[in-house]
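Structure record follows, encoded as structure tokens.
Only a predicted model underlies this, so the values are computations on that prediction, with no experimental measurement involved. Numbered from 1 within each chain, the chains take letters A, B, ... in sequence-line order.
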Amino acid sequence: MAKKPKTAITPVRSDNYPEWYQQVIKAADLAENSSVRGCMVIKPWGYGIWENIRTHFDAIIKKRGVQNAYFPLLIPKSYLEKEAEHVDGFAKECAVVTHHRLEDDGAGGLKPAGELAEPFVIRPTSETIIGESFSNWVQSYRDLPLKINQWANVMRWEMRPRLFLRTSEFLWQEGHTVHATAECAATEASEMLEIYANFAENMLALPVIMGEKTPDERFPGAKHTYTIEAMMQDGKALQAGTSHDLGQNFAIASDIKFSNQDGHVVHAHTTSWGISTRLIGGIIMAHGDDDGMIVPPKVAAQQVVIIPAVHDEADREAIMEKCLGLKLVLETISFDNIMISAVIDDRDEVTSTKSWNWIKKGIPVRVEIGKREIEGNQVFFKRRDESPREKHIMPEDEFLGSIADILLSIQNNLLERAKSYRAQKMKKIDSLDEIFNYFKSEDAGFANIPHSLWDEGLSEKMKTDFSVSPRCLPIIDGELSDRLIIARSY
RNA sequence: CGGGGCAUAGCGCAGCCUGGUAGCGCGCUACACUGGGGGUGUAGAGGUCGUAGGUUCAAAUCCUGCUGUCCCGACCA
């Protein structure tokens with residue numbers, strides 16, 4: 001018999017963090033590489049998280065008066081050329097469609113035939129094509145503000161793809177708004193940033209730093225780029241969401257203008273903001289442990305797995321009946337306005353194997369139902385935020401009465417845990433020597449330094465010697481700080 | 001795009017140096033025993049060794065090109 005590993009995932013985080021990350025994705029059955037370069041297949045357990053992110057975020061923006069719409073995947077190359085900085089920023093990572101037909105190549109294969117007069121790029125982001133529509137939709141100040149969102153896939157031909165964090169194709173939402181004044185656009189961009197920050201903390205248990213990007217890290221063509229930065233367990237930063245105040249740059253490029261109350265025709269002010277499937281990578285790296293994934297209850301595809309433990313075939317029917325009953329009742333219960341979803345794992349496997357499978361997937365609560373539970377009218381369960389050895393036994397009524405609190409407590413524990421390791425790996429530093437010293441360590445985290453220290457020379461040195469870049473100037477109580485957060489990043 | 005590693009069964013790998021009938025572990029299938037911490041046994045299925053070419057009587061093995069993948073770098077709203 002093979003020796004049981006102490007942890008479900010090999011290697012452990014402390015041995016090889018990048019490899020651990022990939023192993024967790026595999027063990028949790030979240031996604032896999034496809035045969036298409038740089039593109040991933042998101043499997044049900046991973047896609048379920050995205051569906052929940054989508055559902056909850058969609059509700060939030062709709063309350064703000066944002067409407068969903070859909071724009072084309074293909075963008076005429078010339079559109080992209082309208083905004084000079086935008087071209088520079090995205091040109092290198094665009095996939096280009098140059099032909100529109102395939103025909104027999106005479107050798108049993110197919111070859112592209114009709115060459116397009118003007119090539120299309122596959123959207124790397126949709127500012128330009130949406131701007132084209134907006135220019136028609138907006139005529140009067142009465143049409144503003146215009147708030148549109150689309151849930152879509154985009155494509156960026158990345159040099160080095162990593163599952164969820166940087167894939168050639170990924171899923172996201174991109175919000176695009178048009179405003180009459182610079183102030184309105186600025187407010188929209190700031191409010192969306194706060195919404196992202198709250199969403200990350202409340203739904204994903206992911207504490208983030210809100211801030212503004214320095215000019216060199218800005219979205220190409222933006223006036224201000226705001227970001228939420230999360231810390232992963234290796235101390236690296238992950239940009240988890242962005243909001244851009246585009247000023248009039250894109251309005252001018254796309255000719256979005258309107259008649260104001262004075263009868264003058266003026267260019268509008270626009271914003272755009274997005275979150276993507278990258279968030280799932282963030283969840284993995286923020287919460288996962290050496291036994292695999294830990295999914296925050298609020299975004300888990302299922303919160304509870306019920307595992308029947310049948311020793312004696314004679315008990316099977318009674319056990320299955322109890323499992324089914326439990327599932328039905330659980331699914332009438334909600335926690336923080338989210339309906340619980342439960343799954344019965346009735347695969348023909350040894351109970352412990354099933355249990356470990358679900359540990360690796362990171363389902364918040366595992367329930368095991370056997371003869372004992374039926375006789376004692378009780379529920380045996382374990383929590384993913386606790387050690388796999390820790391058991392709980394509760395009368396069934398009590399369990400059903402407290403499951404909502406249990407899930408909320410798991411959600412909260414994940415957030416507190418993440419906050420605590422972030423606090424440990426965040427350091428306020430005021431001198432150059434200390435900065436160099438700090439980042440000599442491989443597992444350095446975020447350094448909080450005076451913005452005034454950051455000049456071109458330091459930037460260059462930090463980048464080449466330490467792979468450290470500026471993450472953001474934190475925004476605290478609506479005010480831009482004079483400090484700068486720098487860190488290694490994904 | 002630069003430097004390096006790897007490519008053999010679904011997954012993980014050995015075999016290659018020194019060319020000669022395709023191997024192991026896990027997983028999978030069937031049956032039985034099992035089952036509350038990753039179980040046991042028996043019997044099976046599954047691979048034109050990434051791809052194209054070269055050397056050779058003979059290539060998984062040697063040589064060349066290509067492709068994919070991983071790591072480091074560059075790049076990354």
Quiz item: Base, sugar-phosphate, or nothing for A:F380, non-hydrogen atoms under 4.0 angstrom?
Solution: base

Exercise. Looking at every strand, decide which applies to A:E127 at a 4.0 Å heavy-atom threshold: base, sugar-phosphate, or nothing.
Key: nothing

Self-check item: Minimum-distance nucleotide (side-chain atoms of A:W356 versus B:rG38, B:rG39, B:rG12)
Solution: B:rG38

Self-check item: Atom C1', compared across B:rC26 and B:rA60: separation rounded to whole Å
Solution: 22 Å

Quiz prompt | Base-pairing assignment for B:rC1 (Watson-Crick or G-U wobble, both under 3.5 Å) | solution = B:rG73

Practice problem: Take the angle between the ring planes of A:F199 and A:F57 and call it parallel below 30°, perpendicular above 60°, tilted in between. | Solution: perpendicular

Quiz item: Does A:D234 come within less than 4.0 Å of A:R13, counting only side-chain N to carboxylate O?
Solution: no

Quiz item: Nearest nucleotide by nearest heavy atom, which residue falls closer to the 5' end of RNA chain B, A:E217 or A:K26?
Solution: A:K26

Quiz item: Which part of the nucleic acid, if any, lies within contact of A:R218, taking any heavy atom under 4.0 Å across all strands shown: a base, the sugar-phosphate backbone alone, or nothing?
Solution: sugar-phosphate

Quiz item: For B:rC75, does either OP1 or OP2 sit under 4.0 Å from a side-chain N or O belonging to A:K463?
Solution: yes

Quiz item: How many Å lie between CZ on A:F381 and P on B:rG36, as a whole number?
Solution: 20 Å

Practice problem: Let me know the distance between OH of A:Y490 and P of B:rC75, rounded to the nearest Å. | Solution: 18 Å

Quiz prompt | B:rG46 versus B:rA9 - spacing of their C1' atoms, nearest Å | solution = 6 Å

Quiz item: Mapping A:E93 and A:N357 onto RNA chain B by nearest heavy atom, which one lands closer to the 5' end?
Solution: A:N357

Practice problem: Indicate, yes or no, whether a donor-acceptor pair under 3.5 Å links the base of B:rG35 to the side chain of A:E368. | Solution: no

Quiz item: Is there a Watson-Crick or G-U wobble partner for B:rG12 with both distances under 3.5 Å, and which nucleotide is it?
Solution: B:rC24

Quiz item: Could you state the CZ-P distance from A:R389 to B:rG36, rounded to the nearest angstrom?
Solution: 14 Å

Self-check item: Which nucleotide in B:rC11, B:rG73, B:rG39 has an atom nearest any side-chain atom of A:S467
Solution: B:rG73

Practice problem: Go through the side-chain N and O atoms of A:H244 and A:E127 and say whether any donor and acceptor fall under 3.5 Å apart. | Solution: no

Quiz item: Rounding to a whole Å, what distance do you find between A:D29:CG and B:rG27:P?
Solution: 16 Å

Practice problem: Before accepting this row, confirm whether a basic side-chain N of the pair A:E81/A:K77 lies closer than 4.0 Å to the acidic partner's carboxylate O. | Solution: yes

Quiz item: Is B:rG53 paired to anything, Watson-Crick or G-U wobble with both distances less than 3.5 Å, and if yes, which nucleotide?
Solution: B:rC63

Quiz item: Which letters describe nucleotides 67-72 of chain B, given B = protein heavy atom under 4.0 Å from base, S = only from sugar-phosphate, - = neither?
Solution: --SS-B

Quiz item: Hey, does A:Y17 reach any base, or is it just sugar-phosphate, or nothing, if we go heavy atoms under 4.0 Å?
Solution: nothing

Quiz prompt | Identified pairing partner of B:rG68, criterion: Watson-Crick or G-U wobble below 3.5 Å | solution = B:rC6

Self-check item: Pairwise P distance, B:rC72 and B:rG35 [rounded to whole Å]
Solution: 46 Å

Practice problem: Can you tell me, in whole Å, how much space there is between the P of B:rA7 and that of B:rC16? | Solution: 13 Å

Exercise. Mind checking A:W273 for me? I need base, sugar-phosphate or nothing, with any heavy atom below 4.0 Å counting as a touch.
Key: nothing

Exercise. Using whole Å, report how far CD of A:E349 lies from C1' of B:rC28.
Key: 11 Å

Exercise. For A:K382 and B:rG36, give me the distance from atom NZ to atom C1', rounded to whole Å.
Key: 8 Å

Quiz item: Rounded to the nearest Å, what distance is computed from the CD1 atom of residue A:I374 to the P atom of nucleotide B:rG36?
Solution: 17 Å

Self-check item: Sugar-phosphate only, base, or nothing, as touched by A:K371 at under 4.0 Å among non-hydrogen atoms
Solution: base

Exercise. Taking atom C1' in both B:rA74 and B:rU18, compute the distance separating them and give it to the nearest angstrom.
Key: 41 Å

Exercise. Taking only the side-chain heavy atoms of A:R166 (C-beta and beyond), determine which of B:rC11, B:rC76, B:rG38 contains the nearest atom.
Key: B:rC76

Exercise. Report yes or no: does A:H287 contribute a side-chain atom to a donor-acceptor pair with the main-chain N or O of A:L204 at less than 3.5 Å?
Key: yes

Quiz item: Should the pair A:K147-A:E188 be classified as a salt bridge under the 4.0 Å nitrogen-to-oxygen rule?
Solution: yes

Quiz item: Can you tell me if A:H176 and A:S272 form a side-chain donor-acceptor pair at under 3.5 Å?
Solution: no

Quiz prompt | Proximal nucleotide (of B:rG35, B:rG38, B:rC28) relative to the A:D348 side chain | solution = B:rG35

Quiz item: Salt-bridged, A:D346 to A:K354, with N to O below 4.0 Å?
Solution: no

Quiz prompt | Under-4.0 Å salt bridge between A:R383 and A:E390 | solution = no

Practice problem: With C1' as the reference atom in both, quote the distance from B:rG36 to B:rC76 in angstrom, rounded to an integer. | Solution: 49 Å

Quiz prompt | Whole-Å P distance, B:rU48 and B:rG2 | solution = 34 Å

Self-check item: Under-4.0 Å side-chain N/O to phosphate OP1/OP2 contact, A:T353 with B:rG39
Solution: yes

Practice problem: Quote, to the nearest angstrom, the C1' distance that separates B:rC24 from B:rA14. | Solution: 7 Å

Self-check item: Which nucleotide in B:rG38, B:rC11, B:rG35 has an atom nearest any side-chain atom of A:H311
Solution: B:rG35

Quiz item: Please give, in whole Å, the distance from B:rC76 P to A:F164 CZ?
Solution: 24 Å

Quiz item: Is a side-chain N or O of A:S276 found less than 3.5 angstrom from the main chain of A:R278, in a donor-acceptor match?
Solution: yes

Exercise. State the pairing partner of B:rG41; accept Watson-Crick or G-U wobble contacts with both distances under 3.5 Å, and report none otherwise.
Key: B:rC31

